[in-house]
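What you are looking at is a predicted structure, and each value in this text was computed from that prediction instead of being measured. All values below were derived from every heavy atom in this structure, side-chain atoms included, with hydrogens, water molecules and symmetry-related copies excluded. Just so we're on the same page: letters track the sequence lines, and every chain starts at 1.
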Amino acid sequence: MENLPITLILSVLLSLLVLLFAYYLSRKEQRLQKEEGRIGKISSRIKEDANLKADEVVRKAIDRAERIILDAEIVKTDFLKKVEENLERVGEQGVRELKMDSEGFDNKYKELFEGMRAEYLKHANSTLASVEKIADEELEDFRKALKSETVESKDLINKKVSEEFEKTNLEIQEYKKSQIDNIDKEISTLVLKISKEVLGKTLTSSEHEKIIIDSLEDAKKNGLFAKLQMGGITREKL
Amino acid sequence: MKNLPHNEFIREIKTVKEMKDILGKLSEIGAESFSQNGSFEKKIAAIFRPDEADAFFAICKEEGVSLSNPVAVSALVNRLTSNLHSLFVVKMDLAILPTKDTVNAICSWFEEKLGVKIILDVTVNPDILAGFEIEIGGFYKDCTIRQKLDSIVNIAHE
């Protein structure tokens with residue numbers, strides 16, 4: 001019983017110590033939570049910045065791609081005008097030459113047509129290739145620019161830009177293909193139109209007559225009139 | 001029915017327009033053959049052009065038809081009409097209105113190469129550019145330059 005006060009004192013002291021330690025731990029936890037919140041905010045801000053940067057880069061890339069396509073349209077329109085003028089000159093000369101030889105008309109016209117078409121497509125391809133080249137250069141420029149970005153934003157921007165560029169490149173490829181198809185159709189229509197105009201303007205009556213008689217011979221060779229005779233039409237009847 | 005010889009009277013008829021014109025004149029002569037007023041020969045000469053009248057008189061002579069015999073003239077007119085109707089009508093679409101020389105060349109080609117006398121029924125369609133679209137005896141054929149150009153272009157696109 002003599003030791004009771006000492007024991008009590010020690011117990012109280014120990015309890016106080018425990019309480020103090022608990023308080024210390026609680027404060028430390030609060031500090032840590034506060035720090036965690038601050039770090040979280042910083043992290044969010046960094047991500048947000050990275051997103052904004054990525055969006056900016058992608059927006060610029062898309063704007064540029066759209067401008068490239070628009071430029072290509074303008075180039076194409078100017079180009080078509082020039083080609084039409086050239087074709088008219090070349091076509092007129094070609095048609096003049098080939099109309100004199102109606103027997104070889106098909107082959108000669110085919111040669112003329114294919115020649116004009118190939119020439120036109122060559123120019124069109126080179127114009128469209130420049131579109132692709134510009135797009136590739138743009139992508140490379142963006143990649144270089146990304147190297148200077150912060151480590152945190154780099155991966156995110158890289159990913160976004162790569163995705164968008166992949167999409168844009170696909171669009172450019174599709175655009176190129178559709179343009180080539182369109183150009184191919186346009187050139188055919190153009191060549192046909194010029195041939196028709198030239199033929200309509202330049203054929204004389206005697207050339208018309210020659211083509212008619214030659215075509216009658218062809219039709220005879222191909223059996224059109226044999227079919228008629230088989231159907232009962234004979235010279236005796238007439 | 002005996003076919004009439006291809007004398008000038010028939011040979012000179014090349015187009016549907018000419019054929020209709022002659023058929024109209026033959027019809028007039030047929031009607032005149034029943035009226036006995038005045039000289040029949042003069043009436044024929046008045047209805048036909050001089051070259052046609054000469055050809056008609058020639059065929060009367062060849063066939064032994066007396067111009068003073070209205071029944072015989074009427075029968076000849078009927079035979080001529082029937083023969084004209086039996087001629088092949090070849091419908092052709094051409095890019096330009098053909099000259100007389102071109103019409104002659106086409107008709108001569110049929111006579112020389114196929115042995116048939118034809119009557120041309122021409123429609124002008126500048127879109128075909130050159131050559132012709134033909135319709136004969138139920139057959140149709142596009143022999144135009146337009147078709148040739150179109151097919152070359154189409155093949156290029158295949």
Side-chain angles (χ1 to χ4, degrees), chain A residues 95 98-99 102 105-114 117-118 181 184-185 187-220 222-238, chain B residues 1 3-4 6 10 83 86-88 90 92 94-120 122 126-134 136-157:
Chain A
V95 172
L98 71 86
K99 76 176 185 179
S102 55
F105 184 92
D106 287 20
N107 287 335
K108 286 200 171 187
Y109 183 79
K110 202 172 172 181
E111 273 174 34
L112 176 74
F113 171 76
E114 290 297 351
R117 185 167 164 247
D181 288 347
D184 203 13
K185 278 177 196 152
I187 176 71
S188 303
T189 312
L190 206 57
V191 175
L192 199 58
K193 185 182 135 217
I194 291 163
S195 306
K196 285 177 179 179
E197 278 174 8
V198 173
L199 276 170
K201 275 191 289 192
T202 59
L203 282 176
T204 62
S205 291
S206 58
E207 283 165 345
H208 272 288
E209 186 180 313
K210 185 176 183 302
I211 291 171
I212 291 167
I213 300 300
D214 288 346
S215 301
L216 280 170
E217 290 289 352
D218 283 346
K220 185 171 178 272
N222 292 326
L224 172 71
F225 303 112
K227 283 180 196 163
L228 285 173
Q229 283 166 357
M230 278 161 62
I233 298 170
T234 61
R235 67 175 65 193
E236 285 75 30
K237 191 175 175 186
L238 290 163
Chain B
M1 185 192 293
N3 288 310
L4 290 167
H6 290 174
I10 298 277
N83 273 272
S86 74
L87 289 175
F88 277 115
V90 176
M92 277 183 135
L94 303 176
I96 55 160
L97 188 67
T99 59
K100 197 164 175 55
D101 283 346
T102 302
V103 169
N104 287 340
I106 295 168
C107 292
S108 298
W109 186 89
F110 276 92
E111 283 179 42
E112 285 163 22
K113 304 287 173 137
L114 302 176
V116 290
K117 161 76 187 152
I118 61 144
I119 297 292
L120 267 182
V122 173
D127 288 344
I128 67 175
L129 303 176
F132 57 81
E133 284 179 299
I134 191 168
I136 178 171
F139 288 94
Y140 165 84
K141 180 88 177 159
D142 187 341
C143 300
T144 63
I145 294 295
R146 176 195 60 192
Q147 191 271 335
K148 281 187 180 181
L149 300 187
D150 285 342
S151 69
I152 290 167
V153 173
N154 287 337
I155 289 166
H157 280 297

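The minimum heavy-atom distance linking Met92(B) with Ile212(A) is given by the pair CE-CG2, 4.3 Å. Of all heavy-atom pairs between Leu129(B) and His208(A), the closest is O-CE1, 3.0 Å. Here the shortest heavy-atom pairing between Lys113(B) and Lys220(A) reads O-CE, 3.7 Å. Here the closest heavy-atom approach between residue Ala130(B) and residue Leu203(A) is recorded as CB-CD1, 3.5 Å. Nearest approach of Ala219(A) to Cys143(B), heavy atoms of both residues: CB-SG, 4.2 Å.
Interface remark: Leu97(B) contributes no atoms to any contact with chain A (heavy atom separation under 4.5 Å). Residue Asp101(B) touches chain A through both its backbone and its side chain, counting heavy-atom pairs closer than 4.5 Å. Interface remark: Thr99(B) contributes side-chain atoms only to the contact with chain A (heavy atom separation under 4.5 Å).
A distance of 11.5 Å separates OH of Tyr140(B) from CG of Leu224(A), quoted to the nearest 0.5 Å. The structure places OG of Ser215(A) at 5.0 Å from NZ of Lys148(B), a figure rounded to the nearest 0.5 Å. From Phe132(B), atom CZ reaches atom CG of Leu216(A) across 4.0 Å, with rounding to the nearest 0.5 Å. Note that the CD1 atom of Ile211(A) and the CG atom of Leu94(B) stand 11.5 Å from one another [nearest 0.5 Å].
Ring-plane geometry between Trp109(B) and Phe225(A) is classed as tilted, the angle between the planes lying from 30 to 60 degrees on a 0 to 90 degree scale.
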